[in-house]
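Worksheet for the structure shown next.
These numbers come from the heavy atoms of this one structure, side chains and all, not from hydrogens, waters or symmetry mates. Lettering follows sequence order; numbering is per chain, from 1.
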Amino acid sequence: MATKGYDFTAIEKKWQTIWDEQKCFCADHDHSKPKYYTLIEFPYPSGAGLHVGHPRSNTAMDIIGRKKRMEGYNVLFPIGWDAFGLPTENFAIKNHVHPAAVTAKNIDRFRSQLKMLGFAFDYDREVDTTDPAYYRWTQWIFLKLLENGLAYKAEMPINWCTGCKVGLANEEVVDGVCERCGSPVVRRVKSQWMLRITAYAQKLLDGLDQVDFIEKVKTQQRNWIGRSEGAELDFKLSGCKGALRVFTTRPDTLFGATYMVVSPEHPLLREQADKIENLDEIAAYQQEAARKSDFERTELNKDKTGVEIRGIRAINPVNGNEIPIWVSDYVLVSYGTGAIMAVPAHDERDYAFARKFGLPMVEVVAGGDIEKEAYTDIADGVLVNSGFLNGMKVKEAKAAMIDYLEKEGIGTRKINYKLRDWVFSRQRYWGEPIPVIWCPNCGCVPLKEEDLPLELPKTDHYMPTDTGESPLALMEDWVNVPCPKCGAPSKRETDTMPQWAGSSWYFLRYTDPHNDKELASQEELSYWMPVDWYNGGMEHTTLHLLYSRFWHKFLYDIGVVPTPEPYQRRTSHGMVLGADGQKMSKSRGNVVNPDDVVHEIGADAFRLYSMFMGAFDQAIPWSTQGARGCKRFLDRVWKLQEMVKGSEYSKELLADTHQTIKKVTEDFDRMKFNTAIAQMMSYVNAVYDKGSITKEELKTLLKLLYPVAPHITEEMWQEIGEKGYIHEQSWPVYDENALARDETEIAVQINGKLRLRLMVPTSLTRENAEEYLLPKPEVKALTEGKTILKFVFIPGRLLNIVVK
RNA sequence: GCCGGUGUGGCGGAAUGGCAGACGCAAGGGACUUAAAAUCCCUCGUCCGAAAGGACGUGCGGGUUCGACCCCCGCCACCGGCACCA
């Protein structure tokens with residue numbers, strides 16, 4: 001459909017060239033002005049090009065940044081490329097093109113698409129995570145983590161993707177399949193590099209109190225970290241030596257522990273193998289469990305499975321009862337100690353398990369009916385059948401039991417976190433090489449800082465291996481090196497880092513992107529950090545956002561960065577859905593291409609629609625018709641040039657003009673872009689009703705609209721004969737006094753029902769309303785012959801008279 | 001199952017204790033035009049009514065309040081996240 005109106009193609013090209021050539025939006029190196037650092041999640045340059053959803057976040061922060069510049073701030077709004085990653089590698093494998101070549105091509109495409117949309121990025125500060133000059137510092141941070149005991153290698157059950165042949169972080173497994181390739185994920189034991197994020201669990205939790213993140217992000221992070229308080233205690237074993245250690249949040253129910261459960265991967269099963277009488281049965285169960293991911297284990301939870309370990313039993317430390325030990329996959333090896341004491345009377349899962357296998361149950365908290373269900377209330381219950389705890393409330397009993405356990409040396413107070421350490425290795429080519437060497441004499445030898453970056457060897461052998469080794473393992477020239485310490489023939493680590501590595505500190509590099517002495521200078525970091533406003537998707541709340549806070553806090557602790565938190569404010573945008581209300585995807589055929597949209601209605605209209613389509617934090621379906629409506633609005637704005645009469649603010653529109661400045665200013669700061677735009681539309685409608693606009697009014701409107709639609713407003717600024725650029729102007733301010741009107745319309749209600757609308761003086765207050773309003777004939781007619789019980793007046797809003 | 005979010009016209013949404021439906025889309029009517037497009041103007045929640053006007057109306061059921069889309073209690077549906085987390 002051909003749309004007429006202003007020539008957006010020529011105008012947008014013109015201004016993009018001017019901005020680019022004159023470097024209008026490069027952050028100032030002069031630090032005397034106050035700074036403002038706006039950040040978007042840097043894109044992964046996929047082969048599909050920019051998605052129609054990208055502009056939503058980008059435009060929002062572009063608006064904030066452009067407005068902040070007009071308010072006198074030195075704004076940093078950088079862009080870069082999160083370019084390591086599996087899709088690129090997979091594409092390279094499939095099409096026999098080197099990942100580096102694919103990446104370079106994709107970045108060029110993304111850059112030109114972003115420029116086409118007119119974002120005010122500082123292109124002088126572009127970063128690329130695959131550039132050795134960048135990942136040199138990613139590797140440097142890894143060495144620091146290693147040096148500080150936060151990186152370690154561990155043999156542990158990991159999620160093994162049967163498609164990618166790599167270990168995945170738990171966080172990367174979605175619905176039991178690999179987040180990236182969709183293949184089933186199984187459990188497998190492998191030696192992996194781990195990062196001890198759990199050491200920062202409490203700091204990550206506490207830090208949330210100091211930042212301005214939207215509440216649901218904080219809640220999600222807190223839940224993810226999952227702090228719980230309880231006790232860790234030992235159950236002695238009968239039939240063999242040793243003890244079984246468990247974590248419990250309900251030490252008060254210890255008298256009710258009637259059996260124990262260990263996870264299928266629990267070391268007890270190996271250590272006590274010679275005592276266990278039914279090893280075959282247990283081995284079969286272990287094998288079955290290994291095939292299931294955590295998700296499947298939980299999905300099948302309606303029918304609990306398990307095997308009793310015969311030959312060893314446990315002794316309840318408070319009453320000396322000998323109780324059975326079971327193996328079941330409803331207990332996870334990765335949480336707590338991988339073993340539990342089961343209190344079926346007061347835990348739903350234990351209850352279901354005990355019912356299925358006919359295990360005994362002892363009520364130790366009175367208040368429920370354990371014949372019907374587990375009684376889990378912790379507020380009102382009173383302890384029974386529990387020796388010295390009898391008669392206590394749950395909270396009191398918990399404390400008393402912990403004291404007892406500590407006194408008797410059975411157990412200790414313990415805080416546990418749901419958060420698990422971060423599986424950091426990938427058996428892939430397209431990632432940062434982990435800079436360590438394995439020496440037969442010295443063990444793990446880190447590279448020296450001056451030997452960084454350890455570059456990815458340029459090779460065509462980037463195919464994954466069936467053995468699960470990294471492709472780098474096959475490159476003998478690269479792998480075989482002398483030990484830096486003793487000179488003995490050694491081998492390089494061949495695993496690479498996950499994509500999350502490069503994105504965990506990129507916001508630091510933006511402050512000083514060309515520094516080849518340190519990741520960024522103290523001077524630049526102290527000026528720019530923290531990021532003032534970071535917007536991104538909810539899907540990154542628990543992965544990227546938590547990982548980068550962890551790295552940042554670590555860097556703070558070792559004195560590399562000046563702030564304990566990286567981001568002061570975090571907001572989130574809603575997804576852009578297809579026109580059918582479904583998630584956009586190639587297979588559904590509902591994908592909208594930004595190139596097509598810009599071609600038809602221009603970048604300004606696209607930006608405008610992205611912000612107008614609905615509440616910023618909600619998912620909204622795309623509507624091509626709706627986007628055209630925004631183009632129509634810009635055409636109406638363009639034609640205002642022909643309607644200019646007079647210079648200063650006109651009396652007729654004075655209140656409207658100031659109201660618009662106020663509304664737009666406040667709504668932009670609150671991310672209520674849709675209502676800010678609606679206000680400008682109403683203002684333009686009012687101008688059309690009046691038939692003319694003054695020069696000052698038009699200038700103000702253009703400034704307000706500029707952050708959303710920068711090209712058309714720059715052009716009109718010039719067209720109406722103004723000097724300089726609109727982006728150099730200062731943001732309009734409103735005058736509270738000018739908002740005042742003499743008269744205002746109020747609603748008149750009788751018993752809460754709307755009866756009429758009335759113009760009254762704005763000055764009318766609660767005190768004088770009754771004597772002014774009651775004698776009015778319109779009001780009198782409504783109250784005729786009735787008794788007035790109550791008179792409610794809200795200035796400027798309404799009058800409600802309660803009558804009988 | 002747990003946690004979070006959402007529920008308002010034909011559609012996207014607005015109103016966070018005070019006139020429900022701003023703004024936009026779609027639709028219908030009109031003007032301009034040889035005609036169409038574009039543009040401009042009007043109408044546009046449902047029901048009753050010729051109209052004036054009235055009744056009903058924000059997922060459902062209760063409650064608080066002079067007054068509830070908004071707050072409280074109990075449900076339902078959809079979306080998202082997490083999950084035998086002991």
Take the protein atom CG of A:Leu758 and the nucleotide atom P of B:C19, then report the distance between them rounded to whole Å. 16 Å
Which part of the nucleic acid, if any, lies within reach of A:Ala339 when heavy atoms closer than 4.0 Å are counted: base, sugar-phosphate only, or nothing? nothing
Give the ring-plane orientation class for A:Trp422 versus A:Tyr547, where under 30° counts as parallel, over 60° as perpendicular and anything between as tilted. parallel
Of the nucleotides B:G54, B:G18, B:C25, which has the atom closest to the A:Arg632 side chain? B:C25
Is a donor from one side chain sitting under 3.5 angstrom from an acceptor on the other, for A:Ser572 and A:Asp617? no
Can you tell me the base-pairing partner of B:U58? Count Watson-Crick or G-U wobble geometry only, both distances below 3.5 Å, and say none if there is no partner. none
Once you apply a heavy-atom cut-off of 4.0 Å, does A:Asp350 come out as touching a base, just sugar-phosphate, or nothing? nothing
Does B:G17 pair with anything, Watson-Crick or G-U wobble, both distances under 3.5 Å, and if so, with which nucleotide? none
Considering only heavy side-chain atoms of A:Asn674, the closest of B:A83, B:C41, B:G13 is B:G13
Expressed as a whole number of angstroms, how long is the span from A:Asp347:CG to B:A86:C1'? 6 Å
Closest to side chain of A:Tyr688, choosing from B:C82, B:C40, B:A86: B:C40
When A:Met613 and A:Gly226 are each assigned the nearest nucleotide of RNA chain B, the 5'-most assignment goes to A:Met613
Any base atoms under 4.0 Å from A:Ile620, or only sugar-phosphate, or nothing? Heavy atoms, all strands. sugar-phosphate
Counting N and O atoms only, with roles assigned by atom type, does the side chain of A:Lys418 sit under 3.5 Å from a partner on the main chain of A:Arg227, one being a donor and the other an acceptor? no
Mind checking if A:Val792 touches a base, just sugar-phosphate, or nothing, with heavy atoms under 4.0 Å? base
Atom pair distance, as rounded to whole Å: CZ in A:Phe633 and P in B:A38: 20 Å
Consider the side chain of A:Met681, meaning its heavy atoms from C-beta on, and name the nucleotide among B:G13, B:C66, B:G24 that approaches it most closely. B:G24
A:Phe612 CZ to B:G12 P: how many Å, rounded? 14 Å
Measure from CZ on A:Phe673 to C1' on B:A22 and round the result to the nearest Å. 19 Å
Taking pairing as Watson-Crick or G-U wobble with both contacts under 3.5 Å, can you name the mate of B:G7, or confirm there isn't one? B:C76
For nucleotides 3-11 of chain B, print each protein N/O atom paired with a nucleotide N/O atom at under 3.5 Å, atom names and distance only.
unit_1: B:C3; atom_1: O2'; unit_2: A:Asn223; atom_2: ND2; d: 3.3

Closest nucleotide among B:C66, B:C25, B:C19 to the A:Gln625 side chain: B:C25
Taking atom C1' in both B:U8 and B:G57, compute the distance separating them and give it to the nearest angstrom. 10 Å
Which nucleotide in B:A86, B:C19, B:G13 has an atom nearest any side-chain atom of A:Ile340: B:A86
Take the protein atom NZ of A:Lys663 and the nucleotide atom P of B:A15, then report the distance between them rounded to whole Å. 6 Å
Sticking with atom P, work out how far B:G59 lies from B:C69, rounded to a whole angstrom. 9 Å
Quick one: is the NZ or CZ of A:Arg245 closer than 6.0 Å to the six-membered ring centre of A:Phe235, and within 45° of its axis? no
Could you tell me how far B:G10 sits from B:C44 if I compare only their C1' atoms? Round to whole Å. 11 Å
Say we look at B:G74 and B:C66: how far apart would their C1' atoms be, to the nearest angstrom? 26 Å
If we take the P atom in both B:G61 and B:G53, what is their distance in whole Å? 31 Å
At 4.0 Å (heavy atoms only), tell me whether A:Gly629 reaches a base, stays on the sugar-phosphate, or touches nothing. sugar-phosphate
For A:Gln679, which contact category applies under a 4.0 Å heavy-atom criterion: base, sugar-phosphate, or nothing? nothing
Quick check: does any side chain N or O of A:Tyr285 sit under 3.5 Å from a backbone N or O of A:Thr305, one acting as donor and the other as acceptor? yes
B:C25, B:A14, B:G18: which one has an atom nearest the side-chain heavy atoms of A:Ser623? B:C25
Taking the same atom, P, in B:A52 and in B:A14, what whole-Å distance lies between them? 32 Å
Position toward the 5' end of RNA chain B (nearest nucleotide), A:Ile794 or A:Thr337: A:Ile794
Exercise: do A:Asn685 and A:Ser682 side chains pair donor with acceptor under 3.5 Å: no
Using Watson-Crick or G-U wobble geometry with both distances under 3.5 Å, which nucleotide pairs with B:U64? none
Taking only the side-chain heavy atoms of A:Lys672 (C-beta and beyond), determine which of B:A20, B:A15, B:C82 contains the nearest atom. B:A15
When the P atoms of B:A55 and B:U64 are considered, how many whole Å apart are they? 24 Å
With syn meaning chi within 90° of zero and anything else anti, the base of B:G81 is anti
pair_partner(B:G12), Watson-Crick or wobble, both distances < 3.5 Å, evaluates to B:C23
Does either side chain, that of A:Glu41 or that of A:His544, offer a donor lying less than 3.5 Å from an acceptor on the other one? no
May I ask you to say what A:Lys218 touches in the nucleic acid, namely base, sugar-phosphate or nothing, with a heavy-atom cut-off under 4.0 Å? nothing
Whole angstrom value for the distance that separates P of B:G24 from CZ of A:Arg636: 8 Å
Contact class for A:Asn416 vs. all strands (heavy atom < 4.0 Å): base, sugar-phosphate, or nothing? nothing
Which whole number of Å gives the distance between the C1' atom of B:G24 and that of B:C72? 35 Å
Contact class for A:Arg227 vs. all strands (heavy atom < 4.0 Å): base, sugar-phosphate, or nothing? nothing
CA sep, side-chain torsions, deciding dist, call: A:Gln659, A:Gln679, side chain to side chain contact (heavy atoms under 4.5 Å, CB included): CA-CA 9 Å; A:Gln659 180 58 40; A:Gln679 176 68 33; 4.1 Å; yes
What's the closest nucleotide to the A:Gln220 side chain, out of B:G81, B:C19, B:A55? B:G81
Nearest listed nucleotide, side chain of A:Leu754, among B:A14, B:C19, B:G12: B:C19
Measure CG/A:Asn751 against C1'/B:U65 and give the value in whole Å, please. 13 Å
Parallel, tilted or perpendicular: ring planes of A:Phe606 versus A:Trp622, cut at 30 and 60 degrees: perpendicular
Output yes when A:Arg632 and A:Asp635 qualify as a salt bridge under the 4.0 Å nitrogen-oxygen rule, no when they do not. no
Taking pairing as Watson-Crick or G-U wobble with both contacts under 3.5 Å, can you name the mate of B:C82, or confirm there isn't one? B:G1
Take A:Val664 and A:Met680, measure what side chain to side chain contact (heavy atoms under 4.5 Å, CB included) needs, and give me the verdict at the end. CA-CA 8 Å; A:Val664 171; A:Met680 290 189 268; 3.7 Å; yes
When A:Val343, A:Val365, A:Val364 are each screened for side chain to side chain contact (heavy atoms under 4.5 Å, CB included) with A:Phe255, the one that passes is A:Val364
